[in-house]
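Below is one structure, written out as C-alpha cells, with a few remarks after it.
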Protein chains: 2
Amino acid sequence: MSQMQSVEKQLRHMILGLEIGPGEKLTERWIENRFGASRTPVRAALLRLETEGLVSRDGRGWSVSPINLAELEQIAVYREAVEVAALRLTCALADRSAVDVIEAMLESCDNDTPREEWHRVGMDFHIELARLSANEFLFRAVRDSMTRLSRARWLEVRDEAALARAWAEHRAILAAVRLGDAEEAARLLTSHIVGSRDRLVTSLANDRRGLRARGFAVVAA
Amino acid sequence: MSQMQSVEKQLRHMILGLEIGPGEKLTERWIENRFGASRTPVRAALLRLETEGLVSRDGRGWSVSPINLAELEQIAVYREAVEVAALRLTCALADRSAVDVIEAMLESCDNDTPREEWHRVGMDFHIELARLSANEFLFRAVRDSMTRLSRARWLEVRDEAALARAWAEHRAILAAVRLGDAEEAARLLTSHIVGSRDRLVTSLANDRRGLRARGFAVVAA
DNA sequence: GATACCATTTTGGGATACCAGACCGGTGTT
DNA sequence: AACACCGGTCTGGTATCCCAAAATGGTATC
C-alpha cells in the first residue's frame, strides 16, 4: 500500500482541522507512530506540507506553522491579484455556463448544513471560480492561497452574519460573471477579498489571547 | 555534511543549464551515483524540484519536465498578474530609491558579458523588482515563474536584438517606477511580458525540430 | 518475421540501523 | 541559591536493506 499519500493527507487534515495546534512541535517519530508509517513516507509528507506552508522547519526539527497575521494580509494582496486575473479571463470566455455549477454549490448550504461544510464550500467557491479561467497557474495560486488561509477561516465561519454577507457577495460576483461584466465582477471580487481580510485580521487580533490560551501560536502583523 | 541541499542545488543547476535535457528520464540510482549521495537526500531533492516544476513523475519513475509551450503561455498570464500587482505596490511606496540598485544591475552587462550572465540578470531584474513590493507571496510567485521559464529563455538570450530590446524595456519600466507612475509602469511591464512571451513561443515553435533532434522534449501548445 | 510469453533485472517505495549534534536534567561547586 | 558542568536521551540526517511491481530482453511459437 502507498502509505505516503495517506500520511500526507491525514497529517494535512489534522493540521487544517486544528487538531494539531498552530505552533505545535512535531517530531518525525511521533508522526511515524501516530499513522503507523515509517520515516520515509513521513519525511516525504513533511517536505510536501512544508511547500504548502502548513509545516515549517523549527531549528533542527519541525513544527506546525503558526497563524501569521502579517502573512494573512500579504496573501490577501496576492489573492486579489490572481483571483481578479482569473476572473477577467473567465469573463472573456464565450461559454460561461459553468458558473451555474458554482452557483448550485453555494445553494447547497442552508441552515442545517454543518459548519465544516460552509467552511469548505466557502473556499471551493474561490477555487472553482479560478479553475474556470483554465489557467493552471492562476488556479494553483488560488488553491494554495486558500489552503494557507484555511485555518484562520475557521473563525469567520463562526460568525453567522459574516457568512451571510460572504454568500451574498459570492452570488453577486457570479451574477456579474454570468453577464460577462469583467469590470463589475473584478470590483466586487476585490472588495470581497479586502473585506474578508479586514474582518479576518480584526477578529484574529481580538481572539488572539483566547487562541493562545488554547495553545495556538498566533504571530502578530 | 548536509548533502541534501547540495544534491538539490547541483541537480537543479544541471537541469536549468540544460546539461540534462528536458524530457530525459531520471533514476534515483543514477542521481545517487552521480552526486555521491544516498537515496534519502536524492528523494528530498526530487520532491522539492517537483514542486518547482523542474522534474515530474513519469509513471512510476521520474523525468526532467519537458519544455511545454502551453505552459509557457499560461505562465506569462500568471506573471503578468503578479508582476503588475507587485509593481503597483512598489510605485505606491514613499521610498523607491531601491530601483537604482536594479538599474545598476542592468548596467553591469555590456558586450563582454557572457551569455550566462545576461540570462541571469534578465531574470533577476524581474525577481528583484518584485522583491521591492515587500510582499513575500508576489515575490515568490515571480521567482518561481522565472525558474520555470529559465530553460526556455536560453533561446532568447541568443538573439542579440531581442536582448537589446528587453534591456531598453527594462530601463523604461524602471524610469516609470522611479517617477511613481504606476499606470505607465504597468502598461510597459504588461507589454514587455506579452512581447517576451510571443517572441519566446514563436522562436521555440520554430526551433522545435532542432531541439528535439538534440534530445530535448518540447511539448506543443 | 512478428508476436506472445516468461525469467531476469531494475526501479521506486518502505523499513531499519546507525550516527552526530542538540537538548535536558541532575549534580556539584561557588 | 545560582550557576556551570556533564552524562544520558532524543532528534533529524544518512546509509543500507528488503520488497513488490514494472520494465526488459530473450526465446519459443505461430
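We name chains A, B, ... by the order of the sequence lines, and we start the count at 1 in each one. Every value quoted in this text rests on a predicted model; they were computed, and no experiment measured them.
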Residue-phosphate contact under 4.0 Å: B:R29 side-chain N/O, D:dT16 OP1/OP2: no

Any donor-acceptor N or O pair under 3.5 Å, side chains A:H126, A:R143: no

Spacing between A:F35 atom CZ and C:dG13 atom C1', to the nearest angstrom: 19 Å

Between C1' of D:dT16 and CG of B:N33, the distance in whole Å: 14 Å

Spacing of B:E8 atom CD relative to D:dT14 atom P, expressed in whole Å: 12 Å

Side chain A:R39 and base C:dG14 donor-acceptor under 3.5 Å: no

Nearest-angstrom distance from the residue atom CZ of B:R57 to C1' of C:dT11: 13 Å

d(CG, A:D58; C1', D:dG12) in whole Å: 13 Å

Pairing of A:E160 and A:R115 as salt bridge, 4.0 angstrom limit: yes

NZ/NE/NH1/NH2 to OD/OE distance under 4.0 Å, B:R140 and B:D144: no

Base-pairing mate for D:dC30 - Watson-Crick or G-U, with both contacts under 3.5 Å: C:dG1

Nearest listed nucleotide, side chain of A:T27, among C:dA15, D:dG12, D:dT14: D:dG12

side-chain N/O A:S38 vs C:dA15 OP1/OP2, d < 4.0 Å: yes

Integer-rounded Å distance: C:dT10 P and B:W30 CH2: 18 Å

Gap between atoms NZ and P, on B:K25 and C:dG12 respectively (whole Å): 11 Å

hbond_proxy B:R43 side chain to C:dG13 base (donor-acceptor, 3.5 Å cutoff): yes

Check: A:R60 side chain, D:dT11 base, donor-acceptor under 3.5 Å: yes

Sugar-phosphate, base or nothing in reach of B:I31, heavy atoms under 4.0 Å: nothing

Nucleotide nearest A:W62 when distance is taken to its side chain, options D:dG12, C:dG13, C:dA15: D:dG12

Touch class at under 4.0 angstrom, heavy-atom based, for A:L46 against every strand present: nothing

SB check B:D207 B:R212 (cutoff 4.0 Å): no

Atom pair distance, as rounded to whole Å: CD in A:E50 and C1' in D:dG12: 13 Å

salt_bridge(A:E8, A:R12) N-O dist < 4.0 Å: yes

